[in-house]
Amino acid sequence: MSADKPALSILLCSPRGFCAGVVRAIDAVEQALKIYGPPVYVRHEIVHNKYVVENLKAKGAVFVEELDEVPATQAPVIFSAHGVAKSVPAAAKVRNLFAIDATCPLVTKVHREAEIHFKRGRHIVLVGHRGHPEVIGTMGQLPDGTVTLIEAVGDVTTLAVPGEGGLAYVTQTTLSLDDTREIVEALKTRFPDIVGPHKEDICYATTNRQEAVKVVAPQVDAMIVVGSPNSSNSQRLREVAERAGCTPAVLIQRAADIDWSLFGAISALGIAAGASAPEVLVEEIIDAFAARYAITVETVSTADESVFFPLPRDLREAALS
Ligand code: SF4
């Protein structure tokens with residue numbers, strides 16, 4: 001009975017949810033299942049979302065962390081959207097595995113930039129989060145010792161780099177825009193000749209989702225970011241909301257995870273979703289609020305997105321034959 005429920009205005013951030021790289025990676029697994037049948041092996045979570053992974057598992061995808069968990073097989077082995085070190089396709093080749101690379105083209109762009117800097121004799125500074133699969137993949141494009149990882153502005157002061165040959169930087173694609181700007185400024189101050197990317201490495205999807213959160217966060221009493229705890233871009237959205245003065249700002253995977261004690265007396269709620277979070281989970285969370293509040297939903301759109309990446313070539317060609 002809506003008359004008994006408190007009013008709640010929900011502002012939906014747009015763009016939100018799936019980016020072109022995530023759509024391509026999920027489509028790659030689904031197409032491979034359709035063309036070759038199960039099992040299809042996937043190295044690492046294809047994208048950082050449990051719901052997506054469980055759905056693909058139910059269709060016959062088998063997720064592994066490393067290639068040595070894959071038996072001798074003719075079945076496809078798909079590399080995730082985050083990208084892999086060069087040693088991974090090399091190991092797949094040695095084992096005669098049928099590898100399909102679903103690395104997002106915008107991650108591949110960073111790999112190629114790093115390679116070009118290396119060929120030009122530059123030492124490379126990678127701005128990113130230690131241990132994230134994308135960072136492991138980018139560092140693994142080049143020999144050990146040629147890429148130095150930094151995570152925060154404080155690391156610039158203590159950064160020790162080889163004295164000759166020039167210096168370049170690249171970044172992870174899913175970082176905080178503001179933090180990265182600060183780190184890059186510090187790098188340029190300390191190393192005025194450092195070479196950077198022509199176009200930022202932080203991708204369009206990360207940029208657009210953070211900008212939308214920046215606009216919505218000051219207008220609401222609380223913000224929910226739909227996404228997984230291991231999703232870097234989702235974690236950054238939560239931080240962006242918090243820095244814009246919106247507390248609580250929480251990262252939630254499913255409606256069942258909502259801690260209702262945080263949302264008691266609010267009258268306006270913002271909802272955003274990381275690049276690997278499906279829209280169905282946003283809807284589930286809106287439905288959960290609709291059960292407790294008399295909601296109105298308004299979309300706040302800060303950018304249009306029309307980016308599309310075609311499937312990996314093997315799958316395109318197999319679909320045509
Ligand atoms: S978040 Fe950006 S880099 Fe990552 S998969 Fe999506 S488009 Fe590609």
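Atoms within each ligand, like the ligands themselves, are counted from 1 in listed order.
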Distance below 2.8 Å from atom 8 (Fe) of ligand 1: protein N/O/S atoms = Cys104 SG
Decide, yes or no, whether a salt bridge links Asp201 with Lys109 under the criterion of side-chain N to carboxylate O below 4.0 Å.
-> yes
Give the table of side-chain donor-acceptor pairs shorter than 3.5 Å for residues 23-31, with sequence neighbours excluded, one pair per line with atom names and distance.
residue, atom, partner, partner atom, Å
Arg24, NE, Pro310, O, 2.7
Arg24, NH1, Thr103, O, 2.9
Glu30, OE2, Lys59, NZ, 2.6

Apart from Val135 itself, which Ile, Leu, Val, Met, Phe, Trp or Tyr residues share its cluster (side-chain heavy atoms under 4.5 Å, direct or through members)?
-> Val110, Phe118, Ile124, Leu126, Met139, Leu142, Val147, Leu149, Val170
So does Arg243 pair up with Asp179, basic N to acidic O under 4.0 Å?
-> yes
Is it true that the side chains of Asp221 and Ser267 contain a donor and an acceptor less than 3.5 Å apart?
-> yes
For His48, ring-ring contact (aromatic ring centres under 6.0 Å, His included) partners two or more places apart = His44, His82, His132
